[in-house]
Amino acid sequence: MNHLNARIHVYEILASLFRPPDDVSSGAEECGGRLLERLLNTVQECCGISARCCLRPDLMEEIRGLLRAFEEDEDQAGTLTRLAAEHTRLFVNAFPTLVAPPYESFYQEGRVMGKAALDCRSIYAEDGLTVREGGELPDHILTQMEYLRFLCLGEKRAADEGETEARGLLRERELSFIEEHILNWLPEFCGRIQSNSHEPYYRVLARFMKNFMVLEYRNLNHPVELDPFEEVFNEVKKV
Amino acid sequence: MKSRRYENETFQKGVTRRRFLGASAGTIAAGVMVSNLTGFRSLAMAEEGADTSGGKNVEIPSICEMCVWRCGLIAKVRDGVAYKLEGNPEHPNSRGRLCPKGNAGIMTLYDPDRLKSPLMRVGERGSGQFKQVSWDEALDYVAEGMKKIKEQHGAEAMVMSSTHNLAQLQFENLLQAYGTPNYGTQRSLCFNAMVMGFTMTYGTEAVGGDYPNTKYIIYNGRNLLEGIANSETQDFMAAVERGAHVVVLDPRYSKSAAKASEWLPVRPGGDLAFFLALNHVIIKEKLYNKKFVDEYTQGFDELEKGIKEYTPEWAEKECDISAKKIVQVARGFAKAAPAAFAHPNWRTSNTLNSFQAERAIAILNALVGNWKQPGGLMPAGGEGGMELGVIPQPPYPRISAMRLDAVPMRYPLVPLNLGVFQELRDAILRGKPYQAKGWLIYRQNPMMSLCDRAKTLEAIKNLDLIVTIDIIPNDTAFYSDVILPESSYLERYDPLSVAGSKVFLRQPVVPPLYDTKSGLEIFKLLGDRVGLNEFFNYKNEDEYLNAQLKPFKVTLDDLKKKGYYEVPARHEEGKKPEKDVFQTPSGKIEIVSAPLSQVGFDAVPKWKDLPKPEANQFYLLSGKVAHHTQSSTQNNQWLAEFVPENHLWIHTASASSRGIKDGDMVTVESKVGKVTLKAKVTEGIRPDCVWMNFGFGHKAKGLSTAYGKGALDSDVHESISDRVSGSQALSQTMVTVSKAAV
C-alpha cells in the first residue's frame, strides 16, 4: 500500500472510530477491534517500520496489546457495550461533564454551530459537498475526517491520471484545512480524551490521531518523497 | 493555537489560500468524486444548483419555551444559524419584547450539553453510565416495558408526569389511552391553592386585573419582576409608572417590592391574618359595595359574624404588620375600588393556611365589587373560547384503579387535573395502596422539584422502568433507564397555541442539530408501539396541525409564513351583556362555600395557628430570579453569566450574631437534609427568614455549566401538604444556619 492509499484508509478509519463502536448499521465487521486491526495494518503497510512512523513503538505495542485483549476476550458483547458507554460519555452526553465535545466550535466559543462550523460548511460547498440530513454538524470530527478523506481520494485520482498540478492544488487544500481548522482544536480534543478516558481503546486512538494529524501537517508543508516519517519524527515526539 | 487562528483571520482578510485555489481544486475533486461517496456518513454531494449556505437571512415567527408563558417570538436566522430572538409584536403575551430568558434561548439551542441521541442506561441506576442507541431500540425497549407493566400489574402501575407544555396535550392523550390514573404535574407544588381558592369562590380562576385602569393593587408574594409573566410584567411596570398604588407583601425585599409604593415584610403564613383583618375593617367600617354584595354574593352574614374576632390589632401579632397600616391599606383599597384589585397571585404553595388566604383574597375582591370592572379583577380568559380541530379517535378506556396521589380519598376537593404530586411520590415509596412499577417523565424534573429529595431518590428504587423525555441531561434523566431527546423549541413543531383571538404556531427556525424528535412524534411512535395507534391517527406533525386548523380558513403554509391566524370576531348584534352567573353551586360568588363544609373544612376563612421557628431557627423560603426558569435554565451559559449560582439571603443581624459575613459558605439544615451555599447578607429580608432561589444544586453532572453550583432547597424542604388544596407548604420548613466548616 502506498502512502496516499494509506492516508485514505486512515481518514476513513478515524471517521469510523467516532461512530458508536457497537453500531451494527456500519457493519459488525467494522466494529471495535476490527477497526483497530485495520488501522494497525494500514499504518504498518504504509510505513514499513513502525519505529519511524506516528506509531511509535510504545503506541504500536499498546495497539497490539488491545488487539490481543480483544481476541482473547470471552465477553466481546460486554466489551462492546462498555466501549459504547465510553463513546457516549466522551462524545455524546455524559454524567459527569461531556469529556470531549467533538465540535470545533466548542473549543473556540463554548457552543455548537459557531463560526468554525459555518466556515467548514462553506469550504465543503466550494467542493460541491453538503452535510447530509441526519449527518453530524459541519465541524464535527467525523465530518472533518470525511472531508480530508474526500480530498485524498481526489488527490489519488489526480495522481493516477498524472495531473500533477491538480494534485498539488488538492494538497494545498488539505494543508489549509488542517491549518485553519484541525490544528485549532484537535490537540485539545485529543488531549481531553487521553487524560480522561477510562478506556485504553480511546486513549490510544486519541494519541494516534494527534500524532497522525501533526504528521500530515508537516508532510503537506514539506513534502519529502522518500521517507516522510523519518523527517518529522522529532517533531511528532514533541506533540 | 489561538495565535494561529488570529494569523489565519488576518490572512483571510486578503485572499485566502483556499479561496484562491477554490474553484480549480474543488472542481477537480468534485468531478471525480460523484460516484465515490459511498460509506460517507456526514458528507454528500450537493445537488446541482442547491443552496449549500444553510439559507439566506430569514425571519421566522414561532413561540418561545424558555418558560411556560408562551411568548411569540421572531427568530432571525442567517446561514442556517439562529442568531437573535425578538418578541413578536403581534403576540399578546410578548408584545414585541422577550425577557432575559427568552433572549438567551439561542444558547439553549446551541448548548453542547444538550441531549443528542436516545440513550440507554448500561451501569447501575444513578451511575451515570449510558450508551447511545437508535430510536427504534430505545422506543421498543420503553414500549415493551410499558406493555409488560400493564399486563402484569395493570396500567395504573405506570406513573406518567409532565409539566406545562404545548405537546402535553398528546402526552395526556397517551396516558389516558394507556389507561393510568396516575398523572403527576407541577400544580400542587405551585398554584393549587390559588386555583382552588378562586374557583371555589367565583367558579373560575382569576388571573389578574385590569392594569391600565387600576389605581390600587395588593400582591401577596407575587413577584412579577422576578417570576416573570412577560405581558403582565409589562402591565405591572406600566401601572407603577402611571402612579398606581402598589402594595407588596413579601418577607423578602424582592425586585417587585422595590418598585412598589409599599413593601410590607409579612411573617410567612401571616398573610391570612392580614387579609382577614382587611375584610374585618372593610365590613366594620361599611366600606364594601353593598349593592354588589347583595346581588352577586352569598354568605355575607356568616362572614360578618365570623370576621369579628379578626381585628387589625389581633392580626398585627400574627403578621407583624401594624394595625394602623392594615387599616390604612383597607381604607385605601376600598376607596380606590372598583378600580382596585388584590391579585390572586401564582405560586401559592406556601403554608397550610395558603388556601384560606387565597379564599380571603377572593372574598376581599368580592366585597369591593371589582369583578370585571375597569381597574378591577379579571377572570381567566386566555386559551378558552376557541375550538381547535381534533383528529377522530375512540373513547378512552374506563379507569377504575385508585389514584396514587390520594385524590379524592385524602384530598376530596382537589380537582383530578391538579392532583397532589408529592403524594404520588410518597405512594411509590410506600408501595401502597399498590406498587407503581414505571415512571414516564416528560420535560419535568421531579428529582429537583419535589421537596425532600432524599425521599424521592429512595422512592425510585421501587421502580422497574424510568423513562425521561427532555432536551437536557437533567437530574431526572440522570436517574433514568432510558432518555429520549426532544428537539429544542427552536427546532420542532408543537400543537397549536391559542392566545386571545389568535392561533399561533411553534415551528422549527432551524432544522434539528441532532438525532432528536418532537414530542408530537415521540408520543405517536410510542403510542403505536404500545398498541394504541388508533389514538394517534396522524402520520406526521403536518397532518396533526392540518387537523387542528380545519375549523379555520387558513392553510398551514400561510400559518408557517405569518406565524399566526386571527380568528374573525363573531358579530354580536349589539346584545347587552347578561347578568353574570357564576359557575358555583349557588350561581353566586360564594363567600360561604358549601362544598368546603360538606367535607369538614372551614366554609368561611378561619385562622389556624402555624408553627413558628425556635429562637435559633429560620423560616426557609424559596423563589425565583428573573434570569432562570425553575431548574431548566441554569446550564444556559448566557444566563449563567448573570446568575451562575444561588445564595442564601440572610438578614444582617442574624448573620452577624452567627459570625457570617457576605459571601461566606453557610450550612442550612432542616429535619430532612442539609445544604451548603454562599450567604448574601442583606437588610432586605426579615430577620427570622432565609431565602434561596430555586433551581440550583444540580446533581446531574452532565450539565457542565450548572453542575455543582449553589444548592437545592428541595434537599432541605420538608414535605408538608395542605389537606384542602393538596398544596405543598413550601414556607413552613424551619432551618438552622451556621457558618460552614472550611
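What you see is a predicted model; the values in this text were computed from it and never measured. Numbers restart at 1 for each chain; the letters A, B, ... are given by sequence-line order, proteins then strands.
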What residues form a salt bridge (charged side-chain N to carboxylate O under 4.0 Å, His left out) with A:Asp73, not counting sequence neighbours?
none
Is the backbone N or O of B:Ala44 less than 3.5 Å from a side-chain atom of A:Thr130, with the two atoms forming a donor-acceptor pair by type?
no
I'd like to know which of A:Met113, A:Arg111, A:His87 tops the heavy-atom pair count under 4.5 Å against chain B.
A:Arg111
Would you say A:Val92 and B:Phe130 make side-chain contact, with heavy atoms under 4.5 Å?
no
Pick one of side chain, backbone, both or neither for A:Ala84, based on which atoms fall under 4.5 Å of a heavy atom in chain B.
both
Smallest separation among heavy atoms of B:Leu513 and A:Leu137, with atom names
O-CD2, 3.7 Å
Do the side chains of B:Leu37 and A:Leu129 get nearer than 4.5 Å, heavy atoms only?
yes
Within the side chain of B:Gln132, is there an N or O that forms a donor-acceptor pair under 3.5 Å with the backbone of A:Thr88?
no
Would you say that A:Arg132 contacts B:Leu43 through its side chain, given a criterion of any heavy-atom pair below 4.5 Å between the two side chains?
no
With a 4.5 Å limit on heavy-atom distance, are the side chains of B:Gln129 and A:Arg89 in contact?
no
Could you check whether atom OH of B:Tyr83 has more than 12 heavy atoms from other residues, nucleotides or ligands sitting under 6.0 Å from it?
yes
Check the surroundings of atom OH in B:Tyr141: do more than 12 heavy atoms from other residues, nucleotides or ligands lie under 6.0 Å from it?
no
Heavy-atom check, side chain of A:Arg121 versus side chain of B:Asp79, under 4.5 Å:
yes
Taking the side chain as everything from C-beta on, heavy atoms only, tell me whether B:Tyr110 gets closer than 4.5 Å to A:Glu109.
no
Is chain A contacted by the side chain of B:Leu119, its backbone, both, or neither, given a heavy-atom distance below 4.5 Å?
side chain
